[in-house]
Amino acid sequence: MGGAAGRGRRLAARKVRFSGHGDRHSAAARRRPAPLALQGCRRALNFADFRLAKGIPRMNGVDLERMRHSCAHVLAAAVMKLHPQAKLGVGPAIADGFYYDIHTPTPLTSEDLPAIEAEMRRIRERKLPFVREDVPIEAAAAHMQATGQDYKVELLEMLRTRGSTAAKGLDDPNLFDNAAQGVASVSFYGLGDFKDLCRGPHVEHSGQVGAFKLMRVAGAYWRGDNRNPQLTRVYGTCWANEADLKAHLFRLEEAEKRDHRKLGTAMGLFHIQEEAPGTVFWHPKGWSLFRAIERYMRAKLEDGGYVEVKTPQLVDRVFWEKSGHWENYRDAMFVAKPGKEGEEEDRLYAIKPMNCPGAVQIFRQGQRSYKDLPLRLAEFGACHRYEPSGALHGIMRVRAFTQDDAHIFCTEDQIPDESRKFCDLLRDIYKDFGFADLLVKFSDRPEKRAGEDAIWDKAENALEKGAQAAGLTTLRNPGEGAFYGPKLEFVLRDAIGRDWQCGTLQVDFVLPERLDASYIGEDGAKHRPVMLHRAILGSFERFIGILIENYAGRLPTWLSPIQARLVPIADRHVEFAKDVAKRLARAQLPHGEGGVRVDIDDSTERMQKKIRNAQLEQIPYMLVIGDKEAEAGKVAVRLRSGKDLGAMTVDEAIARIAQEVDARADLPAPA
RNA sequence: GCCGCAGUAGCUCAGGGGUAGAGCAGCGCAUUCGUAAUGCGCGGGUCGGGGGUUCAAUUCCCUCCUGCGGCACCA
């Protein structure tokens, strides 16, 4: 409950889709917005998936989706030949390729892949035709039963009874209503000796499947449900030709180079070690970045009429029982007992997993008046959640994180205006971080919910109006709101086209009730405030990870831990370099940023090496000082782009850096 | 948490039943240099933890931890 803001969520990729197996609506299903997730999010969806637009694109006139789907069949045929005991699950086309879920008596491992791939090549060379055959569903079931294809039998049973293989909640919710009557006949596609239940369409023959490569194996629960057995999912990629395949593999390598775990270590920003899984050790440079963001956010929030608070880290479990967290999230909460070994106090404390109940306590102190509203309580709240081990990922998904959280206590009538203000602020902030492309999802009332419909009408309208007033177009995300209220979810797109959900604005009329927050109205009577949970960055940890990957480590000057490095050419230039450093550090940069963050490379390396090092560290400004500069009282300015700006006075250099800091991410990348 | 894979020097990685090796980094010395790597030398490892097999384990087996790729989760 208490949908505190913050948790940047992973845009979970569409899960098992069951397309291509008698699912008449697979195309629609594929386009449905994905359910969102919390903190995680390494590889998010493409905007296209959200914008209900294209599915898998055509390339060079080739219908990639069809080809990939056919490639999945080739995979299945190869596996059946090499492992006749295999039972097949589903095998759809996906963003860059395809997969097939397969059960074998001993699970397939990556060592099996070369042999399978070789067999697939043989099948491709034989140019076997894909032969469609329409069969009555009973006959299909009998065939699958006879060949031991239990999962296919299950799929057929679903088709027979309700006309779809869609998993509820995973695929288009309308699908059930439209297709509740079931189907009488299905199609098989034959490929040599191999025959698979499939709605098609396929390429004409196996020679047309293009360039493919099996990528990896992974476990995947049958029908995406962890109560079901786990199959081995074999992932492959498939493209129209070798060149496209190569290009794709190259893109993967490039994306890997941006990996924040690699870059973050190389840049000396942070580390994580065994004894503290899922929690970050921030090094001086990383913490400098963290603080730069915090400083910026603090200023923005202050401008936005927020006041900052700090609530306790450790609170008695009784408190969490009251808030409802104990009941719902106890497994994910860290607990602590004080006292010496063997003589602990009886009280059990829990480390806060969210900030909202704490904020309500502050609201509840003293007597609140309608004149206090809206009251915007911001908190850079450090939360701990015992995330499942498999979910941890660098600093993107961690067990201890800091939210740019805030809770706005207001009246129902104030919701539209507060929403608009929030949207404005958020967009402003994203822009400063260099994210211009924004997608806003509007998640409305879920089936299971608290509160009267009239309140929901009001809340939904108010939220939507607020977003519109801020000039944002929202994408409807039906039934995905929290049980306590509707929410807006803000997804930004990074430099290589990945989407990350960061911001959120949630209306909550449950927690104020539950924790008994009230204010005295104009009428002199007690009223319940509405609570808006909201976050912009989500978690600092995750957002910093996103920044690193977005900029491939080349952080904009205003965020760079070191903004300028002084490069004295010889020892005799160090003294002057120190002078320059002092002047830079004492400068007054815009936005109250203080002085330039500067250091000196006074090592005995040659100047070329110093420049190379600064370059590798992605330092925006290299200020070279040799005889000429020392004599003229100037610095020779080199940018990390390699551009040499020539000699200028220290004041000129400061002005230039100041200008860039002032513009933040708005400045086009330096030439 | 589940499936699969991995853990060797600070980093990237090679090796393999007889107590380990490269490049980079680090340290020392020389060099004082004009926009992406100066040269020479030196040091550095309980081969993730625990247990087992063996005359002998970093290597083989079991187990735990951590990480990676997915799945599931994500208030």
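All heavy atoms count here, side chains included; hydrogens, waters and symmetry mates do not. Chain naming here is simple, since letters A, B, ... match the order of the sequence lines and numbering starts at 1 in each.
At the phosphate of B/C33, OP1 or OP2 sits under 4.0 Å from a side-chain N or O atom of A/Arg572.
Atom-to-atom, CG of A/Asp225 to C1' of B/G1 comes out at 14 Å; the value is rounded to the nearest Å.
For A/Glu111 against B/G4, no side-chain N or O and base N or O form a donor-acceptor pair under 3.5 Å. In terms of polar N and O atoms assigned as donor or acceptor, the side chain of A/Arg397 comes within less than 3.5 Å of the base of B/C73 in a complementary pairing. Under 3.5 Å, the side chain of A/Tyr221 and the base of B/G1 form at least one donor-acceptor pair of N or O atoms.
In terms of heavy-atom proximity, A/Pro486 sits nearest to A/Trp456 at N-CZ3, 3.4 Å.
Just one residue in the list A/His533, A/Arg534, A/Met531 forms a side chain to side chain contact (heavy atoms under 4.5 Å, CB included) with A/Ile408, and that residue is A/Arg534.
The strand RNA chain B forms stems, runs of 3 or more Watson-Crick or G-U wobble pairs with distances below 3.5 Å, at B:1-7 with B:65-71, B:10-13 with B:21-24, B:26-30 with B:38-42, B:48-52 with B:60-64.
A/Gln615 comes within contact range of at least one nucleobase, with a heavy-atom separation under 4.0 Å.
No hydrogens or angles considered: a donor-acceptor pair under 3.5 Å links the side chains of A/Glu489 and A/Ser443.
Classification of the A/His260-A/Phe270 ring pair by plane angle, with boundaries at 30° and 60°, yields tilted. Under the 30°/60° scheme for interplanar angles, the aromatic rings of A/His325 and A/Trp320 are found to stand perpendicular.
A cation-pi arrangement, defined by a distance under 6.0 Å to the six-membered ring centre and an angle within 45 degrees of its axis, is absent between A/Arg227 and A/Tyr221.
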